[in-house]
Number of protein chains: 2
Amino acid sequence: MKRKVTLKQIAKELDVSISTVSKALRNSIEISEDTRQKVQAFAKLYNYKPNNIALSLKNKKTKTIGIIIPEIVHHFFATVISGIEQVANENGYNVIVCLSDESFDKEVINMEMLANGSTDGFIMSLSKETQQKKDFHHIQEVINQGMPVVMFDRVTNDVLCDKVIIDDQLAAYDAVDFLVRQGFKNIGLVTTVDYVSVGKLRTEGYVNALNDHDLPINDNIIVKIEDIDNCAAKIEAMLQNNKPDAIFAVNELFAVTTIKLANKMGLKVPEDISVIGFTDGIISQFSTPTITTVSQNGIKMGGRAAKMLIERLEMEEEEDGNEQYRTELIDTHLVHRESTSTL
Amino acid sequence: MKRKVTLKQIAKELDVSISTVSKALRNSIEISEDTRQKVQAFAKLYNYKPNNIALSLKNKKTKTIGIIIPEIVHHFFATVISGIEQVANENGYNVIVCLSDESFDKEVINMEMLANGSTDGFIMSLSKETQQKKDFHHIQEVINQGMPVVMFDRVTNDVLCDKVIIDDQLAAYDAVDFLVRQGFKNIGLVTTVDYVSVGKLRTEGYVNALNDHDLPINDNIIVKIEDIDNCAAKIEAMLQNNKPDAIFAVNELFAVTTIKLANKMGLKVPEDISVIGFTDGIISQFSTPTITTVSQNGIKMGGRAAKMLIERLEMEEEEDGNEQYRTELIDTHLVHRESTSTL
DNA sequence: TGGGTTAGCGACAACGTTTTCGTGTTGAAA
DNA sequence: TTTCAACACGAAAACGTTGTCGCTAACCCA
């Protein structure tokens, strides 16, 4: 087992100073051609690579991006990470991933851990609990310390920083508008509880679309789900009692669950009831029927977030006077599949 | 913007030496009660936290685990990361994730990047290209430098290190055995090309099960898929020409694809043909029909891998004479769902 | 008063880099 | 022979820690 070789060892071996080795390896003209060659050959032989930690300490830069998300076993978040990782890698950055498990405390702990020098900046999506508590001091603190933060998807207006989101309200509006134009009049909604920002916005889009078409908002066909595992009864009751002709679900899990429950009750999708979901993930693509859905390009979102963060990191070099935070919108569109029909 | 405070700043402010501050914060008995209190109060006020990078450099330990996997937008790998992250976090480790995109070169580059001080060890699953090339020098090198490596799922015998796998062959055997016992006699196989280690093993399990039941191996009902996007024709032809009464697919994507193609041809699952997949992911759970599958607990796998790595890291403290590499088997079982029937 | 102990603290090295600022040697010009 | 530049290199500081060692003053006991 040969441990990694350091400048010091090379210096000792070649009987020159550490500085000389360092300079020789960086092709400084200060060093004679002879010495340079000798040092470089030796370094190559022993496969010398500078120690990242030492470089980080010296440069006060880690070239590492901290990602904090609620969970990773979730197609959308996985695609976002994928997008981040790609752009990060292209720019010489690594990503260090922490999961909050939707817990406020874990989110705080993770941020504090990474903020102590481990990363240059953060890309994050808020945990449910954080959104509920509306406590963002940990994020604000990190920003105050001069570390840039980019939030995506689940964001808050209470923190000033760069953000990457889709226009949830508009996307939901378009989906519901599409249903209305197809002739549906009794369109149900399966959504989250209100403190989840994206759920709330999508619900607003649903409401606005119905309003604009002079359709009534019927609370009986709106189901707000807190816990996915115990939602069946509520959805079934809604389907049973109010016979909606279409459903807009604010994520694909809700959509597929609704479809399955409908099937169980003898309703055929899309013949008896049409369903539109949100997020173009694995489920929408492979369920039977395949699900018409609002695509939400996670790769693109992650890529953009990474780009924004890196730009800000490299910009800081000069002067950090311009605190012009941006919010970028990633476009969405409806992916038409089998779960919707015309009447 | 108040940058992070350092020992030096505290020392200056309180007019004591850096060592005194350091010791006071660590509650050294060398320091008087008075000074300790004063320093600790000041540190708390300014929210002092030791700089991780400096600690890493000093201790020659980063408390970081490098994960290198082919892709993250893949339910199984996401669950493994989740499992790793959890155990890592519990033990004070962070995880830094790199994706090889199934590319040998990216795998090498990522390893070399992280090996230069960024991580204490690796948990990895081989890229397809690496498995095909059988070139593992980058892994061997890292091990030679004294960094422990744990491989999972896609492993190789050519590298000596800890491994966490399922018994792919046995799991496949059990699945096919189950089909045979249900009365199926013409069982097709949808598998990967041979260089993918897990595909190969699962194929062997299929062959062994049929052999043990004295059933013939019929190459006409075995489809080896290289590229998922262009596999439809081959599968359809197999279904059409050979009328298998059951199919064993080596992953869930192949399973759901087969089901969809069967449906398209007018075959009902499970009435006309039964299907068993591999990996209990989102697709198997939510497709219609839900898919009977070999469960492969990614969370557990990741957790075990993390545990093995951390144990080795903390063990190294003492003496690294005992190179007793272990291979842990994670148990699998068949999850019975709608895609299989008795004859 | 002298010797020894101890409490309380600071100096310094070390981890592995990079970079600035010397410094000694050479050769050439004056 | 003197002067000066150019060349080739080394010493040292800095990044933020921790821990070893040494130092000073106070105190105790004889």
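Convention: sequence-line order gives letters A, B, ...; per-chain numbering from 1.
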(request) Walk along DNA chain D from 5' to 3' and tell me the first and last nucleotide with an atom closer than 4.0 Å to a non-hydrogen atom of chain A. (result) dA8(D) to dG16(D)
(message) Let me spell it out: for each of Val16(B) and Lys8(A), pick the nucleotide of DNA chain C with the closest heavy atom. Which residue's pick is nearer the 5' end?
(response) Val16(B)
(message) Looking at Arg326(B) and Glu311(B), is there a salt bridge between them, counting it only when a charged N and a carboxylate O are closer than 4.0 Å?
(response) yes
(request) Look up atom CE in Met151(A) and atom CG in Asn157(A), then write down how far apart they are to the nearest 0.5 Å. (result) 9.5 Å
Listing, residues 92-101 of chain A side-chain donor-acceptor contacts under 3.5 Å, not counting sequence neighbours, or none:
residue	atom	partner	partner atom	Å
Tyr93(A)	OH	Glu314(A)	OE2	2.8
Ser100(A)	OG	Ile69(A)	O	3.4
Ser100(A)	OG	Glu102(A)	N	3.4
Asp101(A)	OD2	Lys106(A)	NZ	3.1

(message) Under a 4.0 Å threshold between the charged nitrogen and the carboxylate oxygen, would Arg312(A) count as salt-bridged to Asp162(A)?
(response) yes
(message) By the definition side chain to side chain contact (heavy atoms under 4.5 Å, CB included), identify the one residue from Ile65(B), Ile68(B), Asn110(B), Val150(B) that meets it with Phe122(B).
(response) Ile68(B)
(request) Output yes when a side-chain donor or acceptor of Lys163(A) lies under 3.5 Å from a complementary backbone atom of Thr156(A), and no otherwise. (result) yes
(request) Check every strand shown and say whether Lys60(B) touches a base, only sugar-phosphate, or nothing at a heavy-atom separation below 4.0 Å. (result) sugar-phosphate
(request) Under the side-chain contact (heavy atoms from CB on, under 4.5 Å) rule, collect the residues that match up with Thr130(A), sequence neighbours excluded. (result) Phe104(A), Glu107(A), Leu126(A), Ser127(A), Phe136(A), His138(A)
(request) Just call it for Lys49(B): base, sugar-phosphate, or nothing, with non-hydrogen atoms closer than 4.0 Å on any strand. (result) sugar-phosphate
(request) For the helix from dT1(C)-dA30(D) to dA30(C)-dT1(D), measure the angle between the helix axis at one end and the axis at the other, each built from five pairs, rounding to 10°. (result) 80°
(request) Not counting sequence neighbours, which residues clear side chain to side chain donor-acceptor pair (under 3.5 Å) with Asn51(B)? List them please. (result) none
(message) Suppose we screen for salt bridge (Lys or Arg N to Asp or Glu O under 4.0 Å). Which residues come up paired with Lys300(B), at least two apart in sequence or across chains?
(response) Asp331(B)
(request) Please find the earliest and latest nucleotides of DNA chain C, in the 5' to 3' direction, that have an atom within less than 4.0 Å of any heavy atom of chain A. (result) dC15(C) to dC21(C)
Only pairs under 3.5 Å count here: list side-chain donor-acceptor contacts from residues 4-15 of chain A, not counting sequence neighbours, and write none if there are none.
residue	atom	partner	partner atom	Å
Lys4(A)	NZ	Asn116(B)	OD1	2.9
Thr6(A)	OG1	Lys8(A)	N	3.3
Thr6(A)	OG1	Gln9(A)	N	3.3

(request) Tell me which residues in residues 108-119 of chain A put a heavy atom below 4.0 Å from DNA chain D, sorted by number, or none. (result) none
(request) Scan Leu7(B) against the nucleic acid and name what it touches under 4.0 Å (heavy atoms): base, sugar-phosphate only, or nothing. (result) base
(message) Can you list, in residue-number order, the parts of residues 21-40 of chain A that come under 4.0 Å of DNA chain C, counting heavy atoms only?
(response) Ser22(A), Lys23(A), Arg26(A), Glu30(A)
(message) Which residues pass the side-chain contact (heavy atoms from CB on, under 4.5 Å) test with Ile143(B), not counting sequence neighbours?
(response) Ile139(B), Gln140(B), Val149(B), Val159(B), Cys161(B), Tyr325(B)
(request) Find which nucleotide of DNA chain D each of Ser19(B) and Leu57(B) is nearest to by heavy atoms, and output the residue with the more 5' nucleotide. (result) Leu57(B)
(message) Please check: side-chain N/O of Ser56(A) versus main-chain N/O of Asn52(A), any donor-acceptor pairing under 3.5 Å?
(response) yes
(request) Measure the CD1-CZ distance between Ile67(B) and Phe77(B) for me, rounded to the nearest 0.5 Å. (result) 11.5 Å
(request) Would you indicate whether the side-chain heavy atoms of Phe152(B) and Ile330(B) approach each other to under 4.5 Å? (result) no
(message) Quick one: does any side-chain atom of Asn47(B) pair with a main-chain N or O of Lys49(B) as donor and acceptor, under 3.5 Å?
(response) no
(message) Heavy-atom nearest nucleotide on DNA chain C for Ala54(B) versus Ser17(B): which residue maps closer to 5'?
(response) Ser17(B)
For residues 25-35 of chain A, please give each side-chain donor-acceptor pair under 3.5 Å, one per line with the distance, not counting sequence neighbours.
residue	atom	partner	partner atom	Å
Asn27(A)	OD1	Gln40(A)	NE2	3.0
Ser28(A)	OG	Glu30(A)	N	3.0
Glu30(A)	OE1	Lys23(A)	NZ	3.4
Ser32(A)	OG	Thr35(A)	N	3.3
Ser32(A)	OG	Thr35(A)	OG1	2.7
Glu33(A)	OE2	Gln37(A)	NE2	3.0

